[in-house]
Amino acid sequence: AQSVTQLDSQVPVFEEAPVELRCNYSSSVSVYLFWYVQYPNQGLQLLLKYLSGSTLVKSINGFEAEFNKSQTSFHLRKPSVHISDTAEYFCAVSVISGGYNKLIFGAGTRLAVHP
Amino acid sequence: DGGITQSPKYLFRKEGQNVTLSCEQNLNHDAMYWYRQDPGQGLRLIYYSQIVNDFQKGDIAEGYSVSREKKESFPLTVTSAQKNPTAFYLCASSLGQASNIQYFGAGTRLSVL
C-alpha cells in the first residue's frame, strides 16, 4: 500500500534562516507528488506539484522541491523563510485506486518561524 | 470568483443528532471529495464522487452519508452513528477522475456539545 511519511511533525526556525521539510513516499508505480500549505483554520492550498519533466519544481513564493526517485523523496526547501511562512505543510502522493486518482497525505509538518 | 464554498465554518452537534455540512463549487469540476482532518493524522478520505448521482466510500465512510444530485453540490451528513465526529472537515474538487490536482474549500470545524 502506498504511504507518505513526513519525518518531522514540527520544525521551528528563525526568520531568514533556510528550512527543509522532509517527505518520503512508498510506491512501486509512477506517482505524482504535491505539497499543500494550510494556514490556521483554513483549507489547503496547492503550493507546488511534480507531474513529469524537471525533477526540481518551484513555487512563486520561493519554495522548491526536488523529486528523487531513487530515494523516493520529495523534500520541500526554502533558502530564507519569513514569518508569514508559518503554517502546516502537507506532502501528498496521487496514485490510481479504483479507477480514480487518489490523494494520500502525510501527517503534516508544522513550520513555526520565529523573529 | 471561482472556488469551493463550505458552510457553516463552525458547527455543533448534540448527542444523537445528524448534521449536514454544505459544499458548493462553481469550478465546473466533475469530481468532489470529503476529507476528515484530525491533529497529527493528516487528511483521510470519507467519500468521493466522480460524476452526478454517483459516489463511492473512501477509507473512513462509517457514520457518514453523502448525496450528489447536482454537479455543484456535495453535502456530507454526519450521522449519530459516528461516535467521534469532532474534527475539521474539508471538501475538495478536481476537474475529473483523471485529474491529479484537487482544490480545497476553507473547511468546517465540527464539535460535539
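Keep in mind that the numbers below use all heavy atoms, side chains included, and drop hydrogens, waters and symmetry copies. First the proteins, then the strands, lettered A, B, ... as listed; each starts at 1.
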Point to revise | Steps toward side chain to side chain donor-acceptor pair (under 3.5 Å) verdict (B/Asn18, B/Thr20) | key: CA-CA 7 Å; B/Asn18 293 353; B/Thr20 298; over 6 Å; no

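Chain B forms more heavy-atom pairs under 4.5 Å with one residue of A/Val4, A/Leu44, A/Leu51, A/Leu46 than with any other, namely A/Leu44. Listed options A/Arg110, A/Gln38, A/Gln6 were ranked by heavy-atom pairs under 4.5 angstrom with chain B; first place goes to A/Gln38.
B/Tyr89 is not connected to B/Val112 by any chain of hydrophobic side-chain contacts under 4.5 Å among Ile, Leu, Val, Met, Phe, Trp and Tyr, and they are in different clusters.
Interface residue B/Leu43: backbone and side-chain heavy atoms are both found under 4.5 Å from chain A. Residue contact with chain B, scored on non-hydrogen atoms closer than 4.5 Å, is absent for A/Ile104. Contacts of A/Tyr36 with chain B are made by side-chain atoms alone, with heavy-atom separations under 4.5 Å and no backbone atom involved. Only the side chain of B/Gln37 comes within contact range of chain A, judged by heavy atoms closer than 4.5 Å. B/Asp38 does not touch chain A: none of its heavy atoms, backbone or side chain, sits under 4.5 Å away.
Residues B/Tyr48 and B/Gln102 bring no donor and acceptor atom of their side chains to less than 3.5 Å of each other.
Judged by the 6.0 Å distance and 45° axis criteria, B/Arg109 is not positioned over the aromatic ring of B/Tyr10.
For A/His75, the ring pair (Phe, Tyr, Trp, His ring centres under 6.0 Å) test picks out no residue, with sequence neighbours left out.
At a threshold of 4.0 Å, the pair B/Asp54-B/Arg68 does not count as salt-bridged, since none of the basic side-chain nitrogens sits closer than that to a carboxylate oxygen.
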